[in-house]
Q: 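Would you mind keeping the following structure in view while I ask a few things?
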There are 2 protein chains.
Amino acid sequence: MTAWRGGRCYGAGVSASQPVRGTRVRGTRQAEALASALECLAGFRSAQDIHAELRRRGERIGLTTVYRHLMVLSEDGAVDTIRDEDGETLYRRCETSEHHHHVTCRSCGRSVEVEGRAVELWADRVAAEAGFVDVDHTVEIFGLCPACAAK
Amino acid sequence: MTAWRGGRCYGAGVSASQPVRGTRVRGTRQAEALASALECLAGFRSAQDIHAELRRRGERIGLTTVYRHLMVLSEDGAVDTIRDEDGETLYRRCETSEHHHHVTCRSCGRSVEVEGRAVELWADRVAAEAGFVDVDHTVEIFGLCPACAAK
DNA sequence: CCGATAGTGAAAACCGTTTTCATGCTTTCC
DNA sequence: GGAAAGCATGAAAACGGTTTTCACTATCGG
Ligand SMILES: [Mn+2]
Ligand SMILES: [Mn+2]
Ligand SMILES: [Zn+2]
Ligand SMILES: [Zn+2]
């Protein structure tokens, strides 16, 4: 698969997936470098981790730009985000467009995407019983992956 | 029910639920005021909200103290904590000692405690299938409560 | 090339939370 | 009662991840 390219405008008021009429999208060195890094990294990583990784590779890119692209990619569903126990946001390339959750390693960040009709049904039922509407849920599973558990 | 009293030492190395031999627990005006506020507040609130509420009631208490007590209370299982979408920690008096989750109103913070054998089993199964050990999970459901939905 | 303008990034602001530390309060011991 | 011991308090400062600012740069249609 070719590296991700293109993107969207950063300007205010732009929220549709299509660029606003009269605007253009520019491919930049930085966007491509980030996409390529996300392609390689196995698990969930913080923005600062990813930035450090890019620098390690010799890329010239600012932390602000990493944050900006990650924000857009996650809005577009191209990367998943979770919050670790310290409240730090972690990012990882998303592998499916279906609704899903993760089993993530606390130690190395490695993550497996899982789908589960059972939880979805449970969440909807429980919320309905409480009389709540416009319902939404977060489900994250953390543990030690086989590799980290072996240590 | 009488207001919560007692507590635990703040010193390092104290983690048991029983006070360390030779130390005593002090009931302070501030601890009591916080307990009483938690008793009244219906839903999940931020530490700053709770502090503001206490000040509104005329209590003289510092924000640091509110944070300190909430931290201890949550470690002891007397209050539940969740993270809102901005990553801010919200607190609420816990009503049960059983493992449980919440259906929480995005708008007013009102929350219902729910237990669900189904999710617990699902989480354990999914993690085991991925070969993860020492597993743990977070499950939170958000929506609009009946009152807020009516508006 | 040029001009319009989206993208970049160093530095500063933001903001919830934690740490510091001097000053209270209780409790304990005499 | 008095004094010493040490937990509790809270204003102020530090912390750290993230966002904002804004002057500058790079891209690309024409
Ligand atoms: Mn789900
Ligand atoms: Mn559970
Ligand atoms: Zn691992
Ligand atoms: Zn509500």
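Computed from a predicted structure; not experimentally measured. The sequence lines fix the lettering, A, B, ..., with proteins before strands; numbering per chain opens at 1.
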Q: Are any of the side-chain heavy atoms of V126(A) and V119(B) separated by less than 4.5 Å?
A: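 Side chain of V126(A) against side chain of V119(B), heavy atoms only: no contact under 4.5 Å found.
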
Q: What is the separation between atom CD1 on I61(B) and atom C1' on dG24(C), rounded to the nearest whole Å?
A: 15 Å

Q: Give the rounded distance in Å between these two atoms: CG of L54(B) and P of dT9(D).
A: 12 Å

Q: Check nucleotides 17-21 of chain D against the protein and report each pair of N or O atoms closer than 3.5 Å, with its distance, or say if there are none.
A:
unit_1	atom_1	unit_2	atom_2	d
dG17(D)	OP2	Q48(A)	NE2	3.1
dG17(D)	O5'	Q48(A)	NE2	3.2
dT18(D)	OP1	T89(A)	N	3.0
dT18(D)	OP1	T89(A)	OG1	3.4
dT18(D)	OP2	Y67(A)	OH	2.5
dT18(D)	O5'	Y67(A)	OH	3.4

Q: What pairs meet the ring pair (Phe, Tyr, Trp, His ring centres under 6.0 Å) rule with one or both residues in residues 32-62 of chain B, with sequence neighbours excluded?
A: F44(B)-H102(B)

Q: Please test R92(A) against T104(A) for side chain to side chain donor-acceptor pair (under 3.5 Å), starting from the C-alpha separation and ending with a verdict.
A: CA-CA 11 Å; R92(A) 198 196 73 157; T104(A) 306; over 6 Å; no

Q: Say whether L90(B) and I50(B) are linked into one hydrophobic cluster, either directly or through other cluster members, by side-chain heavy-atom distances under 4.5 angstrom.
A: no

Q: If you look at every strand shown and take non-hydrogen atoms under 4.0 Å, does R60(A) touch a base, only sugar-phosphate, or nothing?
A: sugar-phosphate

Q: Expressed as a whole number of angstroms, how long is the span from R45(B):CZ to dG16(C):C1'?
A: 18 Å

Q: Which whole-number value in Å describes the distance from D86(B) CG to dG16(C) P?
A: 9 Å

Q: How long is the line joining NE2 of H51(A) and C1' of dA10(C), in whole Å?
A: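 Going from H51(A) (NE2) to dA10(C) (C1'), I get 11 Å.
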
Q: Is the closest side-chain heavy-atom distance between R106(B) and D134(A) below 4.5 Å?
A: yes

Q: dG16(C) P sits how many Å from E85(B) CD, rounded?
A: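 Value for this atom pair: 14 Å.
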
Q: If the cut-off is 4.0 Å, is T28(A) near the phosphate of dA6(C), judged by side-chain N/O to OP1 or OP2?
A: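 It does not, given that no N or O in the side chain of T28(A) lies less than 4.0 Å from OP1 or OP2 of dA6(C).
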
Q: Calculate the interatomic distance between L70(B) atom CG and dG16(C) atom P; express it in whole Å.
A: 15 Å

Q: Look at the side-chain N and O atoms of H69(A) and state whether any lies under 4.0 Å from the OP1 or OP2 oxygen of dT8(C).
A: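 So the side-chain polar atoms of H69(A) do come within 4.0 Å of the phosphate oxygens OP1 or OP2 of dT8(C), strictly under.
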
Q: CD of Q30(A) versus P of dA10(C): gap in Å, rounded?
A: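 One finds 11 Å between P of dA10(C) and CD of Q30(A), rounded.
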
Q: In this structure, which one of E113(B), E115(B), H137(B) forms a side chain to side chain donor-acceptor pair (under 3.5 Å) with H101(B)?
A: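 Of E113(B), E115(B), H137(B), side chain to side chain donor-acceptor pair (under 3.5 Å) with H101(B) is met by H137(B) alone.
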
Q: The criterion is side-chain hydrogen bond (donor to acceptor under 3.5 Å, both in side chains); which residues satisfy it with S46(B), sequence neighbours excluded?
A: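 Testing S46(B) for side-chain hydrogen bond (donor to acceptor under 3.5 Å, both in side chains), a comparison that skips the adjacent residues, returns none.
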
